[in-house]
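Every number for a ligand or one of its atoms is a count from 1 in the order of the listing. Worth knowing before you read on, the calculation uses all heavy atoms, side chains too, and leaves out hydrogens, waters and symmetry mates.
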Amino acid sequence: RQQRRFNLKHVLITGGCGFIGSNFVRHTLENYPDYKIVNLDKLTYAGNPGNLTGVEKNSNYRFVKGDIADAALVGKIFAEEKIDTVVHFAAESHVDRSITGPAEFVRTNIVGTFTLLEAAREAWLNNAKTGPSKNTCRFLHVSTDEVYGSLGETGAFQETTPYDPRSPYSASKASSDHLVSAYFHTYGLPTLITNCSNNYGPYQFPEKLIPLVINNALQGKALPVYGDGKNVRDWLYVIDHCEAILTVLQKGRIGETYNIGGNSEKQNIEIVNLICDILDEKAGSLPNGEKRRSLITYVKDRAGHDRRYAIDAAKIRTELGWSPSVNFADGMRRTVEWYLDHKAWIASVTDGSYREYYEKMYGEK
Ligand code: NAD
Ligand code: TYD
């Protein structure tokens, strides 16, 4: 870690109040004192200031509530804070919501990314004399493996795999990736792209599979499994993702894409079973004496449900020396324990608007 440090970086984090962003802000401030962070977040349903309780006391941290698609605000932050590094997390991130309401995905994920790219181009290239030196600037765009589409039984996504997004979410992320790439090739903006597999860990909003199942299983509610439960995702503990991003930021080659994965493919049903078993062990059986697996309920499949994702992370491993450090069994235990210890957090984020979403999505209260 010591070796990887360089002079104080003025970092704009977008979406730092969300799941991965808040883990990244905490982890970076705790471990890399040479990073000064401005967190720009609109605080949508997915953004919770409570994810960063205590962090606001750090003198290397500032929070700005606002929209990444607000060009005037973004330009002001670049100038005021002499931003030389962007780590861009902000996005609409949930596939199911993109199916029922795609417009916000186009606005935030595509137009928002475009707005940030323009601000970086203005500050780093057009104002080269007054702005920070282009050589030390980095625009890191955090993206997803979902841009590559869906795999069959075998194979894994490589950085060269053609894009084939199939949901409004993945299409909007693919579009933003293309814009980032275009700004490198056309203007020479110093960009980096990371495409990561599914994350899990503390502070994940309970609309995504793992925290939703933990929350429902704690409350003795049905555990909705889409289709046959055999869709496969490649799971990565969130702090490993944060370390991968820091590695790419510090050592990655400009203009390159790096795939990030956990080398941990699981069927959804395996994960739901595992959560039930860990909770039975830690919190006891249900009040009626039954095991939590009895709550599993197969429901109608997601439209266009991608069958399997798997990442080939050889490039980041061999070129930059990163590999995941937390294995899935340990990471899941830690995650379930975190949710057991943070019931007040769950209660605070599953308020009225969450209940409304849940009722619409799963047809029950
Ligand atoms: P999240 O939904 O938990 O958080 C998104 C954050 O962005 C929230 O704090 C929200 O308030 C903020 N935001 C949304 N629209 C905004 C706007 N217009 N302006 C400013 N802020 C806005 O998402 P996450 O799971 O933490 O994902 C973060 C990033 O990582 C996303 O770009 C996502 O595509 C990518 N990613 C996620 C995963 C995963 O498994 N969660 C995997 C790979 C890549
Ligand atoms: P999710 O956490 O939404 O991530 P993504 O769709 O971006 O991979 O879903 C993970 C997997 O779990 C996916 O195959 C859909 C499935 N799933 C369910 O079976 N039930 C649920 O209630 C949810 C939210 C997801």
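By the 3.5 Å distance cut-off applied to N or O atoms, Asp96 is not counted among the residues near ligand 2. Here's the thing with Asn268: one of its N/O atoms is less than 3.5 angstrom from an N/O atom of ligand 2. Checked by distance only, ligand 2 and Tyr362 come closer than 3.5 Å through their nitrogen or oxygen atoms. Considering backbone and side-chain N/O atoms, His305 comes within less than 3.5 Å of an N/O atom of ligand 2. Any N or O atom pair closer than 3.5 Å counts here, and Tyr226 shares at least one such pair with ligand 2.
From Asn263, atom CG reaches atom CZ of Arg317 across 7.5 Å, with rounding to the nearest 0.5 Å.
The protein non-hydrogen atom at the shortest distance from atom 6 (O) of ligand 2 is Arg302 NH1, 2.5 Å. Closest to atom 43 (C) of ligand 1 among all protein heavy atoms lies Cys196 O, 3.3 Å. If you check which protein heavy atom lies closest to atom 35 (C) of ligand 1, you get Val142 CG1, 4.1 Å.
Within the 4.0 Å heavy-atom shell around ligand 1 one does not find Tyr203. Ligand 1 does not have Thr14 within reach: every non-hydrogen atom of the residue lies 4.0 Å or more from it. Phe205 does not count as a contact of ligand 1, since none of its heavy atoms falls under 4.0 Å from the ligand.
Residue Ala90 has at least one heavy-atom neighbour below 4.0 Å for each of these atoms of ligand 1: 7 (O), 21 (N), 22 (C). The contact set between ligand 2 and Lys208, taken as ligand atoms under 4.0 Å from a residue heavy atom, comprises 2 (O). The atoms of ligand 1 that sit less than 4.0 Å from any heavy atom of Gly66 are 19 (N), 20 (C). Below 4.0 Å from some heavy atom of Ser197 lie the following atoms of ligand 1, by number and element: 42 (C), 43 (C). Those atoms of ligand 1 that come under 4.0 Å of a heavy atom in Ala91, given as number and element, are 5 (C), 7 (O), 14 (C), 31 (C), 32 (O). When each atom of ligand 2 is checked for a heavy atom of Glu146 under 4.0 Å away, the hits are 5 (P), 7 (O), 8 (O). Atom numbering of ligand 1 starts at 1 in the shown order; those under 4.0 Å from a heavy atom of Asn198 are 40 (O). Near Glu207, with a cut-off below 4.0 Å to any heavy atom, the atoms of ligand 2 are 24 (C). Remark: ligand 2 atoms within the under-4.0 Å shell around heavy atoms of Asn198 are 4 (O), 5 (P), 8 (O). Distances below 4.0 Å separate heavy atoms of Asn231 from the following atoms of ligand 2: 14 (O). In the vicinity of Ser143, heavy-atom distances shorter than 4.0 Å reach the ligand 1 atoms 43 (C), 44 (C). Shown in contact with Pro224 at under 4.0 Å from a heavy atom are these atoms of ligand 2, numbered in order with element: 18 (C), 19 (O), 20 (N), 21 (C), 22 (O). The distance from ligand 1 to the heavy atoms of Tyr169 drops below 4.0 Å at these ligand atoms: 33 (C), 34 (O). Annotation for ligand 2: atoms under 4.0 Å from non-hydrogen atoms of His94 are 3 (O). For ligand 1, the atoms sitting less than 4.0 Å from at least one non-hydrogen atom of Lys173 are 31 (C), 32 (O), 33 (C), 34 (O), numbered in the order shown with element in parentheses. Which parts of ligand 2 touch Val225 is read off a 4.0 Å heavy-atom cut-off, strictly below it: atoms 19 (O).
A cation-pi arrangement is absent between Lys9 and Tyr35 under the rule of less than 6.0 angstrom and at most 45 degrees off the ring axis. Remark: Arg97 is positioned above the aromatic ring of Tyr357, its terminal NZ or CZ atom under 6.0 angstrom from the ring centre and at most 45 degrees off the axis. The cationic group of Arg334 lies under 6.0 Å from the six-membered ring centre of Tyr237 and within 45° of the ring axis, placing it in a cation-pi geometry. With a 6.0 Å cutoff to the six-membered ring centre and a 45° limit on the axis angle, Lys221 counts as a cation-pi contact of Tyr358.
The residue Ser22 has no part lying near ligand 1, judged by heavy-atom distances below 4.0 Å. The backbone of Leu43, and not its side chain, has at least one atom closer than 4.0 Å to an atom of ligand 1 (non-hydrogen atoms only; backbone = N, CA, C, O). With a 4.0 Å cut-off on non-hydrogen atoms, Val95 touches ligand 2 through its side chain and not its backbone. Under 4.0 Å from ligand 1, not a single heavy atom of Ala69 appears.
Between Tyr298 and Tyr226, a ring centre-to-centre spacing not shorter than 6.0 Å is recorded.
For the residues Asp67, Ile260, Asn39, the heavy atom positioned nearest atom 17 (C) of ligand 1 is part of Asp67. For atom 31 (C) of ligand 1, the candidate residues are Tyr309, Tyr45, Phe89; the nearest heavy-atom contact is made by Phe89.
With respect to Asp277 and Arg293, a salt bridge is recorded, a charged nitrogen being found less than 4.0 Å from a carboxylate O. The pair Lys42-Glu104 meets the salt-bridge criterion, with a side-chain N (NZ, NE, NH1 or NH2) lying under 4.0 Å from an Asp/Glu carboxylate O.
Under the 30°/60° scheme for interplanar angles, the aromatic rings of Phe114 and Tyr183 are found to stand perpendicular.
Remark: side-chain polar atoms of Asn198 are not paired, donor with acceptor, to backbone N or O of Leu236 under 3.5 angstrom. A donor-acceptor distance shorter than 3.5 angstrom exists from the side chain of Asp234 to the backbone of Ser264, with no hydrogens or angles considered.
Take His342 and apply the side-chain contact (heavy atoms from CB on, under 4.5 Å) test, not counting sequence neighbours, and it matches Trp338, Trp345. By the side-chain contact (heavy atoms from CB on, under 4.5 Å) test, Ala90 is found to be paired with Thr14, Ile68, His88, residues two or more places apart in sequence or in another chain being considered.
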